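Working notes for the structure below.
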Amino acid sequence: MAEPEPRKFLLHRCCKFHWKGKANIIIPLITLPLLVMGFKYNMAEYKCMYLIVTMALLWITETLPIYVTAFFPIVFCPMLGLVSIDVVCQLYFSNTVVMFLGGLIVALGIEYCNLHTRIALSVIQIVGGSPRRLFVGLMSVSVFMGLWISNSAGTAMMCPIVKAVVNEMDANNIYPVYMTQEEEPVGEGEPPHPSMITMALYIGVAYASTIGGLGTLIGTGTNLVFKGIYSQRFPTSEEDVTFANFMMYSIPIMVLCNIALVIIVIMTTHMGLFRPKSKTGLIIKEATANRKLLEDVLRERYKSLGPMSCHEIQMSILFAIMIIVLFSRKPGFLPGWSEFFSAKPLGSSTGVFVIVLLLFALPTQYVFFRYCCGKPPFPGQALDAMLSWHYVHDQIPWGLLFLLGGGFALAEASKNSGVNVMIARAMQVLIGMPSIPVQLITIILSMFFSTFNSSVVIANIVIPILCEMALVLEMHPLVLTLPSCLSISMCYFLPVSTPPNAIVCNYANIKTKYFACCGILPTIIGYWLVILNTNTWGMIIFPEAKSFPDWAQEIKNQSKI
């Protein structure tokens with residue numbers, strides 16, 4: 001029997017299949033000189049820079065899962081003497097993280113009782129059954145969902161609804177739902193690629209969820225990163241960013257104007273708007289003529305849901321109460337409910353978790369009342385609660401909570417070590433530049449970095465730097481941090497840019513090249529709307545942002561920048 005030939009070592013194959021393991025060793029070695037300098041000169045700034053740069057490279061390359069990299073501060077902050085372990089661990093479960101967790105649980109409550117399907121079908125019936133009207137209806141529902149639940153959860157809820165609508169389109173031959181083999185070849189066993197019109201429905205839902213997430217603090221993780229880091233770095237700020245004033249700042253231009261323009265753009269590029277004689281325009285015209293058939297099908301689907309159950313009614317009431325509680329905690333123009341509790345300050349997470357507790361405490365129905373004054377036999381079956389813990393445990397993206405906490409811990413280490421002073425001194429070349437050119441530069445850089453990585457990761461890296469940049473340039477911190485926070489979420493080019501992009505791209509089997517082309521114009525629109533909003537409507541909501549405030553000057557003096 002012939003001996004097997006020895007396997008040859010091929011460098012390119014080794015690098016191709018094992019590059020992550022090698023990078024996990026190489027990256028800390030590349031950044032090691034920073035740590036050596038830190039110990040040699042006994043400078044906490046270099047030690048913290050080592051941690052920041054190492055985590056940033058690991059986050060960008062994803063050689064370790066980004067959620068695992070977020071645990072680095074737990075190990076290195078105490079070891080390097082940057083932050084005590086008690087403080088670090090508290091930041092992983094801060095008020096901001098808890099508020100985000102509460103919002104996710106409420107979103108799961110909506111999904112658990114299937115209320116999101118009823119809402120979507122109701123809106124679709126109102127707007128009509130033509131492809132363009134369906135598109136507007138789906139976008140409207142997604143924007144509304146994005147305001148109150150995380151944009152990733154909203155997108156995940158909407159995808160099955162879009163699929164059901166697309167399947168009805170396909171079954172009734174309303175329009176070609178998938179591309180032909182000539183348009184986009186498909187290998188054996190692979191799912192077909194959606195047509196341009198179908199792509200518009202799916203991608204529109206992702207974009208709409210992202211835009212809706214810009215409107216509230218709990219809408220997306222980047223908003224909460226901004227809130228947490230801003231409050232942490234500027235605890236004496238007289239311009240408190242509350243749920244109410246954040247909504248007033250973002251909704252008119254960043255949500256309403258933005259979604260209207262994006263709808264027009266996608267309908268123009270993918271649904272033949274203003275091009276009635278194009279191939280897509282003719283398909284849409286024919287599909288619109290057959291809309292009655294689809295409207296009948298959707299009406300039957302809505303009827304199959306039956307009347308609203310007690311479970312859905314309760315969920316609707318609790319959802320409405322949560323919105324009122326979040327808005328009224330500290331609305332700004334009148335006293336909020338938090339001011340009635342003078343013993344200790346209350347955060348938004350307190351109000352959200354009142355709703356969360358009720359979700360687990362209240363039953364789905366109240367049939368036991370029938371037997372309170374009756375006679376035996378009594379029903380022996382236990383009633384289900386409005387939300388199951390097992391369902392929550394399996395569905396919550398726990399890693400995202402760790403990612404938020406890791407970013408807050410990194411920001412705390414930067415502040416304590418003085419690395420922020422180093423960064424601020426390096427930016428003194430920009431002193432004297434008007435605020436709008438600085439915004440143009442910082443926003444486009446934020447969007448560029450977010451294009452190739454997770455938006456929450458980029459927010460954790462960029463926003464602390466912008467806080468220090470605002471101090472050294474003597475601009476109000478809100479003028480730099482809040483616009484960049486919003487712009488980080490509006491990178492529509494790649495699936496990796498935001499969670500909604502990744503969810504839709506995977507769910508609908510959309511190729512990256514189509515996703516990138518579709519995102520060009522919406523990204524440009526978002527960029528200029530951020531600039532417009534910051535310097536017009538934003539100055540009305542935060543009039544103090546026009547100048548460098550005294551409390552910021554005190555923080556700058558204390559930091560010895």
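By convention here, the first residue in the shown sequence is residue 1. All figures in this text were calculated on a predicted structure; none of them were measured in a lab.
Shown here is Tyr46, whose OH atom has no more than 12 heavy atoms of other residues, nucleotides or ligands within 6.0 Å. Surrounding CZ of Phe360 are more than 12 heavy atoms belonging to other residues, nucleotides or ligands, all under 6.0 Å away. Around CZ of Phe93, the count of heavy atoms belonging to other residues, nucleotides or ligands within 6.0 Å does not exceed 12.
Side-chain contact between Met386 and Leu358 is absent, with no heavy-atom pair separated by less than 4.5 Å. At least one side-chain heavy atom of Leu101 sits under 4.5 Å from a side-chain heavy atom of Phe353. By the 4.5 Å heavy-atom criterion applied to side chains, Glu239 and Leu478 are counted as neighbours. Residues Met157 and Ser142 are not in side-chain contact: their nearest non-hydrogen atoms beyond the backbone lie 4.5 Å or more apart. Between Asn460 and Ile229 the shortest side-chain heavy-atom distance falls below 4.5 Å. The side-chain heavy atoms of Met158 and His116, taken from C-beta on, include no pair separated by under 4.5 Å.
In this structure, the side chain of Asn223 does not engage the main chain of Gly219 through any donor-acceptor pair within 3.5 Å. Listed for the Thr31 side chain is a donor-acceptor partner under 3.5 Å among the backbone atoms of Pro28. The backbone N or O of Gly38 sits nowhere less than 3.5 Å from a side-chain atom of Asn42 that would complete a donor-acceptor pair. Here the side chain of Thr523 pairs no donor or acceptor atom with the backbone of Cys491 at under 3.5 angstrom. In terms of modelled atom types and a separation under 3.5 Å, the side chain of Ser417 and the main chain of Glu45 share no donor-acceptor contact.
With values rounded to the nearest 0.5 angstrom, Met447 atom CE is found 5.5 Å from Ser487 atom OG. Atom OG1 of Thr210 is separated from atom CE of Met490 by 10.0 Å, given to the nearest 0.5 angstrom. Note that the CG atom of Asn245 and the OG atom of Ser250 stand 9.5 Å from one another [nearest 0.5 Å]. Here OG1 of Thr69 is found 8.0 Å from CG of Asn24. Values are rounded to the nearest 0.5 Å. Here the CD1 atom belonging to Ile27 is positioned 8.5 Å from the OG1 atom belonging to Thr54, to the nearest 0.5 angstrom. Atom CD1 of Ile458 sits about 12.0 Å away from atom OG of Ser484, to the nearest 0.5 Å.
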Would you list the atom pairs, donor with acceptor, under 3.5 Å between side chains in residues 394-412 and any protein atom, with sequence neighbours excluded?
| unit_1 | atom_1 | unit_2 | atom_2 | d |
| --- | --- | --- | --- | --- |
| Trp398 | NE1 | His393 | O | 3.2 |
| Glu412 | OE1 | Gln232 | NE2 | 2.8 |
| Glu412 | OE2 | Asn416 | ND2 | 3.4 |

Side chains of residues 524-540: which donor-acceptor partners sit under 3.5 Å, not counting sequence neighbours?
| unit_1 | atom_1 | unit_2 | atom_2 | d |
| --- | --- | --- | --- | --- |
| Tyr527 | OH | Leu440 | O | 3.0 |
| Asn533 | ND2 | Tyr249 | O | 3.4 |
| Thr534 | OG1 | Val530 | O | 2.6 |
| Asn535 | ND2 | Gln439 | OE1 | 2.9 |
| Asn535 | ND2 | Ile531 | O | 2.8 |
| Thr536 | OG1 | Leu532 | O | 2.4 |
| Trp537 | NE1 | Met248 | O | 2.6 |

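Here the shortest heavy-atom pairing between Leu147 and Gly215 reads CD2-CA, 3.7 Å. Between Ala56 and Ile461, the shortest heavy-atom distance links the atoms CB-CD1, 3.8 Å. Here the shortest heavy-atom pairing between Gly146 and Thr216 reads O-OG1, 4.5 Å. Listed here is the closest heavy atom pair of Val325 and Gly351: CG1-CA, 3.5 Å. Heavy atoms only, all atoms of each residue included: Thr63 and Ala23 are closest at CG2-CB, 3.4 Å. For the pair Glu468 and Arg233, the tightest heavy-atom approach, listed with the atom from each and the gap, is OE2-NE, 2.6 Å.
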task: In sequence, state the C-alpha distance, the side-chain angles, and the governing distance for Val97 and Tyr92, and then conclude on side-chain contact (heavy atoms from CB on, under 4.5 Å).
output: CA-CA 7 Å; Val97 176; Tyr92 278 82; over 6 Å; no

task: Any chance you could lay out the side-chain contact (heavy atoms from CB on, under 4.5 Å) test for Cys485 and Val225, step after step, and finish with the verdict?
output: CA-CA 8 Å; Cys485 161; Val225 169; over 6 Å; no

field: Working for side-chain contact (heavy atoms from CB on, under 4.5 Å), residues Ile503 and Ser152
entry: CA-CA 8 Å; Ile503 291 169; Ser152 53; 4.0 Å; yes

message: As a quick check of understanding, evaluate side-chain contact (heavy atoms from CB on, under 4.5 Å) for Leu80 and Leu35, giving each step before the final call.
response: CA-CA 9 Å; Leu80 299 177; Leu35 186 60; 3.8 Å; yes

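Ring-plane geometry between Tyr507 and Tyr202 is classed as tilted, the angle between the planes lying from 30 to 60 degrees on a 0 to 90 degree scale. Classified by interplanar angle (parallel below 30°, tilted 30° to 60°, perpendicular above 60°), the ring pair Phe76/Phe72 is tilted.
At a threshold of 4.0 Å, the pair Asp550-Lys556 does not count as salt-bridged, since none of the basic side-chain nitrogens sits closer than that to a carboxylate oxygen.
Of the residues listed (Thr222, Thr220, Asn501), the one engaging Asn151 in a side chain to side chain donor-acceptor pair (under 3.5 Å) is Thr220, and it is the only one.
A cation-pi arrangement is present between Lys47 and Phe39, with the terminal nitrogen or guanidinium carbon under 6.0 Å from the aromatic centre and inside a 45° cone about the axis.
For the ring-ring contact (aromatic ring centres under 6.0 Å, His included) condition, the pairs that include at least one residue of residues 206-233, sequence neighbours left out, are Tyr207-Tyr492, Phe226-Tyr230, Tyr230-Phe234.
Using modelled atom types and a 3.5 Å distance limit, the side chains of Asn557 and Gln553 yield a donor-acceptor pair.
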